[in-house]
Structures are given as C-alpha cells and as structure tokens.
Protein chains: 2
Amino acid sequence: MGAETTDFAQALRDAGLRVTPQRMVLLSILMGSADHPNADELLARARAVDDSVALATVYRTLSALEEAGLIRKLTLENEPARYEITPAAEHEHIVDIDSGEVIEISCDEINRLRRELLDRLGYEIVSQNTLIRARRIRKPGQG
Amino acid sequence: MGAETTDFAQALRDAGLRVTPQRMVLLSILMGSADHPNADELLARARAVDDSVALATVYRTLSALEEAGLIRKLTLENEPARYEITPAAEHEHIVDIDSGEVIEISCDEINRLRRELLDRLGYEIVSQNTLIRARRIRKPGQG
DNA sequence: TTTCGTGCAAAAATTTTGCACAAGC
DNA sequence: GCTTGTGCAAAATTTTTGCACGAAA
C-alpha cells in the first residue's frame, strides 16, 4: 500500500513547490477537512499546530497551491473565499440559504452535457464552479 | 403595444421601492446593457447621465434591486461583483480565461437535471450561478 | 409632514505587497 | 550561496455605514 494520501512533502515537490512547514501544515489541514475553510479559518487551524503562521503566508500558500492545481478556490456570495482540495470529479455546491451549510453533489450527466455544449461552442472547460442557493423543503428521498 | 420594457418607474413601484432619479438611471442602464457591469462601471455610466450619482448610492441601489428580485449579483473570481437583470431562464456564465469575456449559455436539459437532483435531496432551488472558466480551442461548430 | 434616499467621508472587511530576515535546496 | 518563503506592518481594493440634508409619498 502506498503513502500517497499523507505524503504532503512529496505532493508539494511534485507540484514544483519548496517544502516548508507552513505549506505542509496548510496542505494537511485542507486534505483533512470535510468542510471548505476560508483563509481565517485556515489560519486558526494552522496556528493550533504551529503558532507562528501568519495570515499573509496563508494567502500566499493558497495562491501557490491553487496555481499548482492542488486546491480550488470557491468564490461564494457575500463571504470570503473558501478553499477545497481539487476534486476528482466536477461537482456542484449547494448552499442551504437557511443554515448556511454547503454540501456537494456530483452528476456525470450534467458534466457530460456541459462539456458537449461548450465543445460545440469551441471551448474547452478549464474549471467549473456551480453555486446553487437552495431551501430545504423536506427530508431526502421522501414525498 | 405595452410600455413594459421601458417603464422603469412602474417596475420600481411594483417592487415596492420608491422611485428616484438615481434608481431609474441605474435600472435603465442595467436593462440596456448587454454586458454585466460592476459597481464602478455602473457609476461611470450613471454619471454620464446624472453627474451627481454617488458610489454609495450605486451599492445601495444594487442591494435594493437585488433584494426585490429585479437583478442578480454575479460573484466571479478575483474581480468585483457584476450585476445583470434577473434572467428569464437560468443559464451558465462562461468566462474566456484568455480574453476575460463573459458569455452566457442556456440549457434546459441541465436545468431540468439539476432541479430533479436537488428535489430528490429534498431541496428547492432558489437561484443558481454556474461559472465555467474555459479556453477557446476553435471557432464554434467546426472540427 | 413623515419617511426614506442620497452624497460625502470615514470605516470595515478581505486580500495583497514591501521589506528584512530566515530557511530550503 | 543563491533563491525562495515567511512574518510583520502597511497598503490596496471593494463594499458598507453614520450623519446631515434633500426628496418622495
């Protein structure tokens, strides 16, 4: 069995980035987070591990990781940007407008349709971000 | 023939908003714009008509129009928010990553799939914003 | 005439940057 | 040793807000 899932140093090297404690910490936090933390939250979580991390470093690291394709920036509405590990498959983000909770859904059919549509227009998709503002009307799978 | 398309005063009244020259100007600019202007651009275009309009008024008017459902805020990446008249049908925004140009496409099939998917999860869609970052690979409809 | 909108300037919030020092390779 | 990253503080950018005055209903 490989050690890929936790070899942050190797992931950084593979991305052509220098390995620093700050980058290791931030990358590990992002990989271990089920939610989509923003810069402030990442700073707090990083400082729980290494007290000296600065907010400027968080922003610079996020830019570097994003440019390397390791993470994705989520620009939601009326709130600071959030970040997630680059997903294996494109997916949609649903924001529950009452609770603020963000959940993800993946739909191959939508992804395929979108790719075909763009292709017909002469475009190749680089990345995609769908933000759905929705309201819970009942428990799933019922009614 | 009706005057609906240019009766900005009535549109404001219908939305429960007071009719002011500033709101009339901003609403008319948004209705007449093929692009998706941001607050700064709206200020410039509004001032070409009425020199006294302030940026604070632009922001406050945009909030009011958005809350009334007349316009939609587009939160793209790494740039100030843009605004558009609330579209009749949900659509996707494609940002050409080389030119920065924003174009729109509408796909009933995707809208339907998305609605069904959310419904199955117990959600009702309030609004939706898809941002596709894409690169032109050829002229449309060829290849 | 009462309520709400506007302009101005100041403030808030998020993100970026200059600089000196430290650390990676 | 050369190059790049980091912390700090200051700055830049976008958006919001307090206040006094003016306009809408």
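Throughout, a chain's letter reflects where its sequence line sits, starting with A, and its residues are numbered from 1.
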>> Tell me if the CD atom of Glu109(B) is crowded by more than 12 foreign heavy atoms within 6.0 Å.
In response: yes
For Lys73(A) and Asn129(A), test the side chains for any donor-to-acceptor distance below 3.5 angstrom and give the result as yes or no.
no
His93(B) meets the ring-ring contact (aromatic ring centres under 6.0 Å, His included) criterion, sequence neighbours left out, with His36(B), His91(B)
Within the 4.0 Å heavy-atom criterion, would you say Arg60(B) contacts the bases, only the backbone, or no part of the nucleic acid? base
Check: Are Tyr83(A) and Met24(A) co-members of a hydrophobic cluster defined by side-chain heavy atoms under 4.5 Å apart?
Finding: yes
Is there a donor in the side chain of Arg72(B) and an acceptor in the side chain of Thr86(B), or the other way round, less than 3.5 Å apart?
no
Those residues at least two apart in sequence (or on a different chain) that pass side chain to side chain contact (heavy atoms under 4.5 Å, CB included) with Glu92(A) are Ile105(A), Ile110(A), Asn111(A), Arg114(A), Gln128(A), Thr130(A), Ile132(A), Arg114(B)
Under a 4.0 Å heavy-atom cutoff, the residues of residues 62-69 of chain B touching DNA chain D are none
Ordered by number, residues from residues 42-55 of chain A within less than 4.0 Å of DNA chain D (heavy atoms) are Ser52(A), Val53(A), Ala54(A)
Shortest non-hydrogen pair, Ser28(A) vs Val25(A), comes out as OG-O, 2.8 Å
task: Would you check if there is a donor-acceptor pair between the side chains of Ser99(B) and Arg136(B) at a distance under 3.5 Å?
output: no
Any luck finding a side-chain donor-acceptor pair between Thr61(B) and Arg23(B) under 3.5 Å?
no
DNA chain D: first to last nucleotide in contact with chain B (atom under 4.0 angstrom from a heavy atom), 5' to 3', is dT14(D) to dA25(D)
Closest heavy-atom pair, Ala46(A) versus Leu26(A), reported as atoms and distance to 0.1 Å, is CB-CD2, 4.0 Å
Exercise for review: Tell me whether the OP1 or OP2 atom of dT16(C) has a side-chain N or O from Tyr59(A) closer than 4.0 Å.
Suggested key: no
Under a 4.0 Å heavy-atom cutoff, the residues of residues 93-102 of chain A touching DNA chain C are none
